[in-house]
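This one's a predicted model, so the numbers in the text were calculated from it and none came from an experiment. Just the heavy atoms: all of them, side chains too, but no hydrogens, waters or symmetry mates, feed the values below.
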Amino acid sequence: MRSILRKISVLVLSVALICCILPSRVFANYEIPGTWQVQADTGIAYTVKILDCNYGNNAYFSLRDIAMVLKDTDKAFSLAITKNTVALDPGQAYQPVGGENVSWNSRSNPNITLRRNEFKVNGEDTYYYTLIAKMPSGYYDCFMMAADLAMILDMDITVSDDGILQIHTQEPFSVSAAFLEQTGYFYGVNSVLAGDVTTGEIYYEYQGDTAYPIASISKLMTYILVMDALSAGQITLEEQVVVSDAVHQLSVSGDGGYLLAAGATVTVQDLLLGALLPSSNECAMCLAEAVAGSEEAFVRMMNQKAQELGLSQARFFNSNGLPAYTKDAVPAKRQNRMSAEDMFRLVSYLLKVYPQVTDITSLKSAYLETLDVEVKNTNPLLHNMSGVTGLKTGTTNKAGACLVTSLTADDGNMEHDLVVIVLGTEDSIERGRVSALLANYALEVFHTGADETEIPDQPQDMPMGAEAMVDCILRTARKY
């Protein structure tokens, strides 16, 4: 009897736990159907279906509905949407499929997840996170952030006092970094910085003087030291590096990306491509051993180089940016750290002394001959913006999702290297969006010298968290 009661108790407890767990999972990943009034230059307000993803006000807008809003403007676009693909062609006429600009059916409850679907603009692959849903009429619709679409079509968007999303097709996309900060948008990141490394001018920074974990962005310092060794004739790009047992163990671990067998040989060139494009941790470690004999000796070189460059808040524990544990009885978990200001100095040095780094970081993919593998660049902005030349992504649990973006801009006399540094976003979705917003901002400041001294008064109830993430994008301040 006692055994039976014990089994019954376990069963009841299991059911109770499942009842507790399932609702939390459903709540953590949902899409709430809704509508928003959207108006273009015609002055007509259209009903546009939206899906709030995961949080209220985290609105993704129906592309088919927006296509109807813009069909009589010079920002018109055509759409072809299937279960997993989207093709958007600016300047082409949209062919309605029925059901556009009407409210959701009262029984509509889409069960879809945010993901990176295949998304082509003018036939070219881009990296945007979207929601694709099969509508009651049988056709597929795609939902995306209004700001993402505004950047694709280069049109400005604002929200009026009465809550109408207004699309200004005759004005280029514009964003004020200071306004985004004031309304709470950057509460979701550790720090950001945008500037011109050619002149040394910093356009904007948020918490730029505070050191944060930088994850795989550490590999930019690794690249610098490898290039120092190449310049000194210590190694060559064609040199075959022997894979050590330590590198092999890393390659087969959960943090490994490519199997590097102990005793195998890989060229320095392929190791550089592997470290910078797919962010291979084992390739970075292999380079460190090739230059310094051991990773420990290489780390000492990294910290010495940081001192030479005046990176006052930089501290390195390894060559790749992974968490590094001490050998104490209670091991401490340490991560490479740097402030955004220090990163700006590092990138300034890198692009001035070794500008050929962009020959690698501007590649969307590359074939590593000695590894017999094709690798892809993890930087989404290479696909979404012209002029982007690099530089590096990075992600750990503590560092969050980080990205250092370089892009070129011409003032009529010479090309400048603009840099955007984003540290510690919640995920790769926000990393790409924050970086794109600040890249557009940096280009605007570079070309127009926009004045950021006057910004709207601070709202009394400052939005927090996910609500700010979207609302502040939609309320991008236009320059006057």
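Going from atom OH of Tyr206 over to atom CD of Glu181 covers 6.5 Å, rounded to the nearest 0.5 Å. In this structure, Asp154 CG and Asn440 CG are separated by 7.5 Å, a value rounded to the nearest 0.5 Å. Rounding to the nearest 0.5 angstrom, the gap separating the NZ atom in Lys75 from the NE2 atom in His168 is 13.0 Å. With rounding to the nearest 0.5 angstrom, the OG atom of Ser218 is 9.5 Å from the CG atom of Leu346. The CD atom of Gln207 sits 7.5 Å away from the CG atom of Asn190 when rounded to the nearest 0.5 Å. Rounded to the nearest 0.5 Å, atoms OH (Tyr203) and CG (Asp196) are 4.0 Å apart.
Closest of all the heavy-atom pairs between Met145 and Ala59 is SD-O, 3.5 Å. The two residues Leu403 and Pro380 make their nearest non-hydrogen contact at CD2-CD, 4.4 Å. Scanning both residues, Ser365 and Leu277, for their nearest heavy atoms gives C-CD1, 4.4 Å. Between Ser191 and Tyr212, the shortest heavy-atom distance links the atoms OG-CD1, 3.9 Å. The two atoms that bring Asp65 and Asn101 nearest to each other are OD1-N, 2.8 Å, heavy atoms only. The two residues Pro172 and Asp156 make their nearest non-hydrogen contact at O-CB, 3.4 Å.
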Would Phe179 and Tyr441 satisfy ring pair (Phe, Tyr, Trp, His ring centres under 6.0 Å), going step by step from the backbone distance to the final call?
CA-CA 12 Å; Phe179 180 64; Tyr441 163 77; over 10 Å; no
Show your working on side chain to side chain donor-acceptor pair (under 3.5 Å) between Gln37 and Thr47 and close with a plain yes or no.
CA-CA 5 Å; Gln37 293 299 109; Thr47 296; 3.1 Å; yes
Check the pair Asp372, Tyr367 against side chain to side chain donor-acceptor pair (under 3.5 Å), reporting the backbone distance first and the verdict last.
CA-CA 7 Å; Asp372 190 26; Tyr367 176 69; 2.6 Å; yes
Residues Met221, Tyr349; criterion side-chain contact (heavy atoms from CB on, under 4.5 Å); working and verdict
CA-CA 10 Å; Met221 177 62 92; Tyr349 175 85; over 6 Å; no
Verify side-chain contact (heavy atoms from CB on, under 4.5 Å) between Arg116 and Tyr127, making sure each step is shown before the conclusion.
CA-CA 7 Å; Arg116 182 175 284 168; Tyr127 280 19; 3.2 Å; yes
Derivation and outcome, side chain to side chain donor-acceptor pair (under 3.5 Å), residues Ser160 and Asp162
CA-CA 5 Å; Ser160 65; Asp162 53 357; 2.2 Å; yes
Decide yes or no on side-chain contact (heavy atoms from CB on, under 4.5 Å) for Leu322 and Phe317, but give the supporting numbers first.
CA-CA 9 Å; Leu322 289 172; Phe317 299 100; over 6 Å; no
Do Val420 and Val434 pass the side-chain contact (heavy atoms from CB on, under 4.5 Å) test, and can you show the C-alpha distance, the side-chain angles, and the key distance before you say yes or no?
CA-CA 10 Å; Val420 170; Val434 174; over 6 Å; no
Would Ser362 and Thr389 satisfy side chain to side chain donor-acceptor pair (under 3.5 Å), going step by step from the backbone distance to the final call?
CA-CA 4 Å; Ser362 62; Thr389 58; over 6 Å; no
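At least one donor-acceptor pair closer than 3.5 Å links the side chain of Thr198 to the backbone N or O of Asp417. At distances below 3.5 Å, not a single donor-acceptor pair connects side-chain atoms of Ser78 with backbone N or O atoms of Ala93. Using a distance-only test at 3.5 Å, with no hydrogens or angles considered, a donor-acceptor pair links the side chain of Asp342 to the main chain of Ser312. Gln313 places no side-chain N or O within 3.5 Å of a backbone atom of Arg337 that could act as its donor or acceptor partner. Although no hydrogens or angles enter the test, the distance criterion places a donor-acceptor pair under 3.5 Å between the side chain of Asn318 and the main chain of Gly321. Using modelled atom types, no side-chain atom of Asp141 and backbone atom of Ala133 make a donor-acceptor pair closer than 3.5 Å. Using modelled atom types, no side-chain atom of Asn122 and backbone atom of Glu124 make a donor-acceptor pair closer than 3.5 Å. Checked by atom type and distance alone, the side chain of Arg64 pairs as donor or acceptor with a backbone atom of Tyr140 at under 3.5 Å. Between the side chain of Glu100 and the main chain of Val97, a donor-acceptor pair closer than 3.5 Å is present. Distance alone, capped at 3.5 Å, is enough to place a donor-acceptor pair between the Asp270 side chain and the Glu369 backbone.
One side chain, Thr396 or Gln335, offers a donor N or O that lies under 3.5 Å from an acceptor on the other. Side chains of Asn320 and Glu282: a donor-acceptor N/O pair is absent below 3.5 angstrom, by distance only. The closest side-chain donor-acceptor pair between Thr210 and Ser339, if any, does not fall under 3.5 angstrom. In this structure, a donor-acceptor pair under 3.5 Å is present between the side chains of Ser279 and Lys392. Side-chain contact check for Asp411 and His416: at least one donor-acceptor pair (N or O, by modelled atom type) lies under 3.5 Å.
Proximity of Val48 to Thr35: side-chain heavy atoms (C-beta onward) are nowhere separated by under 4.5 Å. Looking only at side-chain heavy atoms (C-beta outward), Leu70 and Tyr46 stay at 4.5 Å or farther from each other. Side-chain atoms of Thr395 and Ser428, non-hydrogen and from C-beta on, never get closer than 4.5 Å to each other. By the 4.5 Å heavy-atom criterion applied to side chains, Asn336 and Arg315 are not counted as neighbours. Contact of the Glu430 side chain with the Arg433 side chain is registered, since non-hydrogen atoms from C-beta on lie closer than 4.5 Å. At least one side-chain heavy atom of Leu63 sits under 4.5 Å from a side-chain heavy atom of Cys142. For the pair Cys283 and Leu271, the minimum side-chain heavy-atom distance is below 4.5 Å. Looking at Met144 and Ile152, their side chains come closer than 4.5 Å, going by heavy atoms from C-beta outward.
Within a 6.0 Å radius of NZ in Lys398, no more than 12 heavy atoms belonging to other residues, nucleotides or ligands are found. Heavy atoms from other residues, nucleotides or ligands lying under 6.0 Å from NZ of Lys134 number 12 at most.
When ring centroids are compared, Trp36 and Phe143 stay outside the 6.0 Å threshold.
Applying the salt bridge (charged side-chain N to carboxylate O under 4.0 Å, His left out) test to Lys219 and every residue at least two apart in sequence or in another chain returns nothing.
Just one of Asn379, Val422, Ile217, Thr361 meets the side-chain contact (heavy atoms from CB on, under 4.5 Å) condition when paired with Val404; it is Ile217.
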